[in-house]
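In what follows, a single structure is set out as structure tokens and then discussed.
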Amino acid sequence: MAVEVSDVPGAKRYEARVDGESEVAGVAEYIRTAELVAFVHTEVGPEYEGRGVGSALARTALDEARASKLRVLATCPFFAGWISRHPEYQDLLYQSRSKVSD
């Protein structure tokens, strides 16, 4: 099964399609600024769950964030969990610059 992921900036989301089908198999919605991309919601159709669609969305979106030198805020539980299981992407995570005083 081939999963193709593309960024659709007008819809503020990445879309995944399987085996060249026109039907969208999954989406990863985001909010992007000049310095940051926040992944806010990921959804994969029930018929595509467990087939690598979510992983393809995450990997493509995070690789593009890295290429664009953007930090990542993973408010979406799927993205947060995926990044925690893939340490090679943890350097992308946004860290607040404010310091907490004791």
Side-chain angles (χ1 to χ4, degrees):
M1 178 179 89
V3 180
E4 180 182 322
V5 176
S6 56
D7 185 8
V8 184
K12 297 181 182 174
R13 69 185 198 174
Y14 284 86
E15 296 180 349
R17 290 181 169 76
V18 175
D19 295 331
E21 295 178 15
S22 60
E23 178 183 347
V24 174
V27 298
E29 298 174 358
Y30 62 79
I31 299 169
R32 184 176 287 154
T33 71
E35 298 176 0
L36 176 77
V37 60
F39 292 99
V40 296
H41 179 72
T42 304
E43 189 170 336
V44 174
E47 64 274 28
Y48 298 105
E49 288 180 4
R51 298 173 64 188
V53 173
S55 288
L57 282 164
R59 191 175 307 280
T60 299
L62 294 170
D63 286 346
E64 289 188 8
R66 184 183 307 280
S68 298
K69 297 186 181 354
L70 295 174
R71 286 293 191 212
V72 170
L73 181 60
T75 61
C76 166
F78 176 81
F79 263 76
W82 197 91
I83 292 170
S84 74
R85 292 187 304 278
H86 295 85
E88 66 273 24
Y89 289 98
Q90 290 177 7
D91 65 304
L92 293 174
L93 291 174
Y94 171 77
Q95 300 292 325
S96 174
R97 293 181 189 168
S98 64
K99 294 182 180 180
V100 177
S101 299
D102 286 296

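No hydrogens, no waters, no symmetry mates; every other heavy atom, side chains included, goes into these values.
A heavy-atom distance below 4.5 Å is found between the side chains of L62 and W82. No side-chain heavy atom of Y14 sits less than 4.5 Å from a side-chain heavy atom of E29. Using a 4.5 Å heavy-atom cutoff, the side chains of Y94 and V72 are not in contact. When side chains are defined from C-beta on, V27 does not count as touching T42, because their heavy atoms never get closer than 4.5 Å. Within the 4.5 Å cutoff, the side chain of L73 has no heavy atoms near those of the F39 side chain. Side-chain contact between D7 and K12 is absent, with no heavy atoms from C-beta onward closer than 4.5 Å. V53 is listed as a side-chain neighbour of M1, based on a closest heavy-atom distance under 4.5 Å. The closest side-chain heavy-atom distance from V40 to C76 is not below 4.5 Å.
Annotation for F79 and A58: closest pair CZ-CA, 3.6 Å, computed over non-hydrogen atoms. F78 approaches S55 most closely through the heavy-atom pair CZ-N, 4.0 Å. Pairing each heavy atom of G26 with each of L57, the nearest pair is C-CD1, 3.8 Å.
Here the CG-CG distance, from L92 to L70, works out to 9.0 Å after rounding to the nearest 0.5 Å. Rounding to the nearest 0.5 Å places CD of E23 at 4.0 Å from OH of Y48.
Looking only at distances, no side-chain donor or acceptor of R32 sits under 3.5 Å from a matching main-chain atom of V37.
Residue pairs satisfying the salt bridge (charged side-chain N to carboxylate O under 4.0 Å, His left out) criterion with at least one member in residues 61-89, sequence neighbours excluded, are listed as follows: R66-D91.
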Please walk me through it: do R51 and E49 pass salt bridge (Lys or Arg N to Asp or Glu O under 4.0 Å)?
-> CA-CA 5 Å; R51 298 173 64 188; E49 288 180 4; over 6 Å; no

Please walk me through it: do Y30 and H41 pass side chain to side chain contact (heavy atoms under 4.5 Å, CB included)?
-> CA-CA 7 Å; Y30 62 79; H41 179 72; over 6 Å; no

